[in-house]
Amino acid sequence: MAEEVTGEGTKFDLKPNDELRFEVETKQTVVMEMTHGKGEVFGAELAKNKKYKFNSGAKVAVYTWHGCQIKISFPNLVGTTEVAYISKETPMLMYLNTHAALEQMRLKADEENMRGPRAIIVGPTDVGKSTLCRILCNYAARLGRAPIFADIDVGQGQTDIPGTIGALSVERPSDVEEDYSQLSPLSFHFGHKTPQTNTALYELLIQRLAEVINMRSEKSKRTNVSGVIINTCGWIRGAGYELIKNTAGAFEVDLVMVIDQERLFNELKRDLPHFVHVVLLPKSGGVVERSQSSRGEARDAKIREYFYGIDNSLYPHNFEVKFTDVKIFKIGAPVLPESCLPLGMKAEDNKTKQVPVMPSMSLLHHVFSVSAANSPEDNVVETNVLGYVVITAIDMEKQCFTVLAPSPRPLPKNILLMMDLQFMDIK
Ligand code: ATP
């Protein structure tokens with residue numbers, strides 16, 4: 001029997017190539033421990049007899065190549081195990097082969113002093129794109145590589161909060177409980193939760209991110225050889241398809257991995273240059289589909305985690321900021337007809353323009369990026385951000401805001417970029 005319920009929790013015996021999957025229900029916590037053997041969570045190895053805690057909303061899969069025993073318990077609940085099951089059907093062998101192919105390319109790059117593989121992962125929503133990125137980055141890091149993980153999925157930020165695009169260098173495997181949240185990413189402000197809202201800005205930022213990654217790769221042989229893994233959002237039709245092609249071009253990818261969409265696979269094979277390898281990979285049966293509302297909750301949780309930490313381990317600060325101490329902008333003015341624009345200006349240019357925002361009650365609860373730019377005359381749009389604040393109160397009479405910030409006053413810089421995204425700071 002694979003499953004044994006005891007007073008301390010439920011034990012699962014996993015045979016080689018089995019996967020134990022569980023979801024943590026709202027307001028629940030799951031504590032997991034590997035008591036024998038070897039196992040991994042999305043490519044990150046588990047330590048034996050260490051207790052890992054997963055909070056509400058987590059969807060976890062423990063995979064084992066060699067067999068292991070896992071004990072899980074629900075401290076807030078009396079022994080329910082309905083949500084946990086073992087699956088023998090996983091695409092992990094295909095994912096491992098993909099990793100092996102990338103590693104071959106790295107070995108060749110190392111020998112010939114060339115650039116390592118750049119791979120982009122595409123497919124519809126909820127097929128496990130982010131998870132595959134995590135697995136591939138972790139497998140690479142376990143071999144001593146340091147790939148750059150570029151995340152352009154603005155809806156469900158993995159490297160930073162939603163509404164941003166960015167990258168980080170994965171020098172060691174992700175934390176089993178916390179993913180990459182302990183690493184500091186390089187991020188650019190986009191401000192919206194879908195690329196559709198401002199594709200001109202989205203494309204500009206992708207170009208910029210690719211440029212920065214090229215500069216970083218040129219500086220370090222290890223980074224250069226390790227390559228880049230790019231996560232995308234699930235917009236694959238119409239303008240979304242054009243975006244995928246442009247993104248592949250901007251990052252000069254060598255490999256496109258299409259998860260679970262034969263049509264997209266065939267279209268990309270037809271349309272991308274012949275030297276780009278396009279491969280079709282299956283989706284894992286464990287990937288959980290998320291409703292619009294659970295996507296919203298996941299976004300909220302990610303912003304909360306930025307300020308409060310995964311387990312409320314961080315203590316953010318609340319302080320007042322005078323209206324005159326900050327300069328607020330949003331990126332993108334409404335597109336005007338060409339006939340109303342100055343000579344030589346394209347309608348799309350307006351979408352990447354910085355527009356001053358006057359203090360008003362409508363800023364309440366919005367998230368703002370703190371730009372690293374020193375002055376509004378700098379290229380603010382293409383400058384990275386230092387962090388985020390939320391305006392939690394506005395006093396129009398006293399002419400000041402109260403902000404929720406990760407560090408004490410003063411703000412590190414005074415240019416704030418407004419996001420569509422809002423966050424209600426309720427504990
Ligand atoms: P999106 O389109 O929103 O970017 P995605 O295609 O990137 O989604 P993921 O975020 O990788 O999909 O996966 C969706 C959810 O499924 C995640 O919460 C992830 O932890 C979970 N998941 C992925 N693989 C498995 C698995 N094998 N077993 C259980 N849960 C899994």
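Note that ligands are numbered from 1 as they come in the structure, with each ligand's atoms numbered from 1 the same way. Please read all numbers here as calculations on a predicted model, not as lab measurements. Note that the numbering runs from 1 along the sequence shown for the chain.
- A salt bridge is absent between E267 and R270: the closest approach of a Lys/Arg side-chain nitrogen to an acidic carboxylate oxygen does not fall below 4.0 angstrom.
- Distances from atom 9 (P) of ligand 1 to the heavy atoms of I236, T131, D153 put T131 nearest.
- At a 4.0 Å cut-off, at least one heavy atom of R295 sits close enough to ligand 1 to count as contact.
- In this structure, R106 and L143 have side chains that are not in contact, with every pair of non-hydrogen atoms separated by 4.5 Å or more.
- Counting heavy atoms from C-beta outward, M34 and V62 have side chains that stay 4.5 Å or more apart.
- The single protein non-hydrogen atom nearest to atom 30 (N) of ligand 1 is G286 O, 3.2 Å, given as residue, atom name and distance.
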Practice item. Starting from the C-alpha separation in whole Å, work towards a yes-or-no answer on side chain to side chain contact (heavy atoms under 4.5 Å, CB included) for H189 and S371. Key: CA-CA 8 Å; H189 168 96; S371 173; over 6 Å; no
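- Of the protein's non-hydrogen atoms, V287 CG2, 3.6 Å is the one closest to atom 24 (N) of ligand 1.
- When side chains are defined from C-beta on, P376 counts as touching F329, because their heavy atoms get closer than 4.5 Å.
- Put simply, the side chain of Y95 reaches to within 4.5 Å of the side chain of L132, judged on heavy atoms.
- Using a non-hydrogen distance threshold of 4.0 Å, R290 registers as a contact of ligand 1.
- Counting heavy atoms from C-beta on, the side chains of K129 and I121 come closer than 4.5 Å.
- Distances shorter than 4.0 angstrom do not occur between any heavy atom of C233 and any atom of ligand 1.
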Practice item. Decide side-chain hydrogen bond (donor to acceptor under 3.5 Å, both in side chains) for T223 and R216; before the verdict, give the C-alpha distance in whole Å, the side-chain angles of both, and the deciding distance to 0.1 Å. Key: CA-CA 8 Å; T223 306; R216 282 216 179 165; over 6 Å; no
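- Of all protein heavy atoms, the one closest to atom 28 (N) of ligand 1 is A61 CB, 3.3 Å.
- With ligand atoms numbered from 1 in the order given, ligand 1 contributes 2 (O) to contacts under 4.0 Å with heavy atoms of T125.
- Short contacts between ligand 1 and V127, defined as distances under 4.0 Å to a heavy atom of the residue, involve ligand atoms 6 (O).
- The nearest heavy-atom contact from the protein to atom 16 (O) of ligand 1 is V288 N, 3.2 Å.
- Contact annotation: F42 has at least one heavy atom less than 4.0 Å from an atom of ligand 1.
- Closest to atom 27 (N) of ligand 1, if we only count protein heavy atoms, is E19 OE1, 2.9 Å.
- Both the backbone and the side chain of S130 come within 4.0 Å of ligand 1, judged by heavy-atom distances.
- Residue S130 forms a side chain to side chain donor-acceptor pair (under 3.5 Å) with just one option from T232, D151, N231, D153, and that option is N231.
- Among protein heavy atoms, atom 12 (O) of ligand 1 sits closest to G128 N, 3.2 Å.
- Of the options E23, K129, R134, K59, the smallest heavy-atom separation from atom 18 (O) of ligand 1 is shown by K59.
- Ring orientation note: the planes of F307 and F423 are close to parallel, at an angle under 30° on the 30°/60° scale.
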